[in-house]
Amino acid sequence: MTGTSAATTNQPAWFSSFVTLAWVETRTYLRDPAAVFWTFLYPIILLVVMMALFGSPETRSPSLETDIVSSDGQHAQLTRLLERRASFVDGVTFTYRLIDADEASPRDRVRIEFPEEFAPSPENPQAITIRLETEPDASSGSMISMISAVVADLNVELAGGGASVVLHYAIGSGEDSLPGYSRSIYYVIGLTVLTIVSTALFGFTGPLIALRAEGGLKLFQVMPIRRIAFTLGYSSSRLLILLVFVFLYISLGMRAYGPDHAISPSNWLLLMILVALSSASFLSLGMAIAGVVTKINTANTLINLVNIPIMFLSDLFIPISLMPESIESAARYSPVFMLADSMRQVATGTAGLAECWPTILYLVSLAAIGIIIVATSFRWNIPE
């Protein structure tokens, strides 16, 4: 009895209020049909739609795609031989597009580059270059293999087997290249991050501002509940919900769309650490917005201004490699992009704690900034 009393005495005065409020907020959130829909069901609907539109690599017919840099019909003989080879295999389609030398290719697409003056012969062998910014996957690897075989056919046509055309390879050589992901990993993690940001940063900022504008927060002041108990209780309920959501969503999403590997326990732990830190960061920034902004219309405008770039410039479901180089370079410094990229690498087993430190430090810094703003600006009522 004495030991229990001592333990209770050692707790901060606000701790009991924090635990109670966190439990009440969690139950209230889960009883709200709209909140449950947007947090749990909407991401599932989006994932089903994305995978239905773009399919999983494991279930689609192989499609071999390439970009070709050439001039004056240099590519004609090579592409004719590629089309012939592709026709030998049922279900395989070969497509290509002609581009200029200064035009970028998607990182996961094979690129064939012809020299400006291309007139190969046994006496004057010339090289064409195969370029791929990422490690080959099943599709791009098949494309590279087929090009290699076709070059042998091309040499037979040109010179009866002599080495008139040779290949140079530039595979995964870009310093800032991204690892290739299956569509299941790409969309599951992308939509997971989108839900974290939407729930943590936007999911309660507007309602919190509206509650204060209506005088609802004054009730907590009258009870009284200290600000630290309120902010921790309110954010902890969201953090718990997001941890449960992410575990279920990634587990079920990857199982449904057939990944070729399982996430190890250590990588699961690292994923949960990233989820917890990102949730805390975006929650603190959301409460910082609620502390600074007093009008709900202003908050909704600000949220929309921030939400649109996050959705389209953070590599969540539109690859930033398809965007202009200046936009792509800027997008790489987005905390949402860094989070999605780190979580994809952890989920695929290509990164550990050491590789995730830049993202972790970034998220901790954002959380610290948000906490400082909340500590200095959050009020129970609107200042007069």
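Values in this document were obtained by computation on a predicted structure and should not be read as measured data.
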Are Ile45 and Phe37 close enough, and set up right, to give a side chain to side chain contact (heavy atoms under 4.5 Å, CB included), and what steps lead you there?
CA-CA 10 Å; Ile45 295 171; Phe37 173 80; 4.0 Å; yes
Val346 vs Cys356, side chain to side chain contact (heavy atoms under 4.5 Å, CB included): CA-CA, chis, key distance, verdict:
CA-CA 9 Å; Val346 172; Cys356 291; 3.6 Å; yes
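Counting only heavy atoms from C-beta outward, the side chains of Val197 and Leu316 never approach each other to under 4.5 Å. Side-chain contact check for Asp315 versus Tyr186: some heavy-atom pair is nearer than 4.5 Å. Looking at heavy atoms from C-beta onward, Met343 lies in side-chain contact with Val275 at the 4.5 angstrom threshold. Residues Ile130 and Met143 fail the side-chain proximity criterion, which asks for heavy atoms closer than 4.5 Å. Put simply, the side chain of Gln74 does not reach to within 4.5 Å of the side chain of Ile128, judged on heavy atoms. Glu157 is listed as a side-chain neighbour of Leu81, based on a closest heavy-atom distance under 4.5 Å. For the pair Phe94 and Thr66, the minimum side-chain heavy-atom distance is below 4.5 Å. Inter-residue side-chain proximity for Tyr96 and Ile112 is flagged as unmet; no heavy-atom pair is nearer than 4.5 Å.
No continuous path of hydrophobic side-chain contacts links Val69 to Leu132 [ILVMFWY only; heavy atoms under 4.5 Å].
Applying the side chain to side chain donor-acceptor pair (under 3.5 Å) rule to pairs touching residues 355-374 yields Ser342-Thr359, sequence neighbours excluded. Among residues at least two apart or in separate chains, side chain to side chain donor-acceptor pair (under 3.5 Å) pairs with a member in residues 263-283 are Ser264-Ser266. Pairs engaging residues 232-248 under the side chain to side chain donor-acceptor pair (under 3.5 Å) rule: Glu25-Arg238 [sequence neighbours left out].
Heavy-atom minimum distance, Ala347 versus Ile263: O-CG1, 3.6 Å.
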Sequence neighbours excluded and cut-off under 3.5 Å, please list the side-chain donor-acceptor pairs for residues 241-251, or say none.
from   : atom 1 : to     : atom 2 : distance (Å)
Tyr249 : OH     : Pro43  : O      : 2.7
Ser251 : OG     : Phe247 : O      : 2.7

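By the 6.0 Å contact criterion, CZ on Phe40 is enclosed, its count of non-hydrogen atoms from other residues, nucleotides or ligands being greater than 12.
Checked against Asp67 for a side chain to side chain donor-acceptor pair (under 3.5 Å), the options Arg131, Arg97, Arg111 give a single hit: Arg97.
Taking Ile, Leu, Val, Met, Phe, Trp and Tyr as members and joining any whose side-chain heavy atoms lie under 4.5 Å apart, directly or through other members, the hydrophobic cluster of Ile373 also contains Val292, Ile369. The hydrophobic cluster of Ile371 has no other members, since no ILVMFWY side-chain heavy atom comes under 4.5 Å of it.
Rounded to the nearest 0.5 angstrom, Leu82 CG and Thr79 OG1 are separated by 7.0 Å. In this structure, CG in Leu274 is found 9.0 Å from CG in Leu353, a value given to the nearest 0.5 Å. Between atom CG of residue Leu283 and atom CG of residue Leu366 there is a gap of 12.5 Å, rounded to the nearest 0.5 Å. Between the CZ atom of Arg344 and the CG atom of Leu339 there is a distance of 9.5 Å, given to the nearest 0.5 Å.
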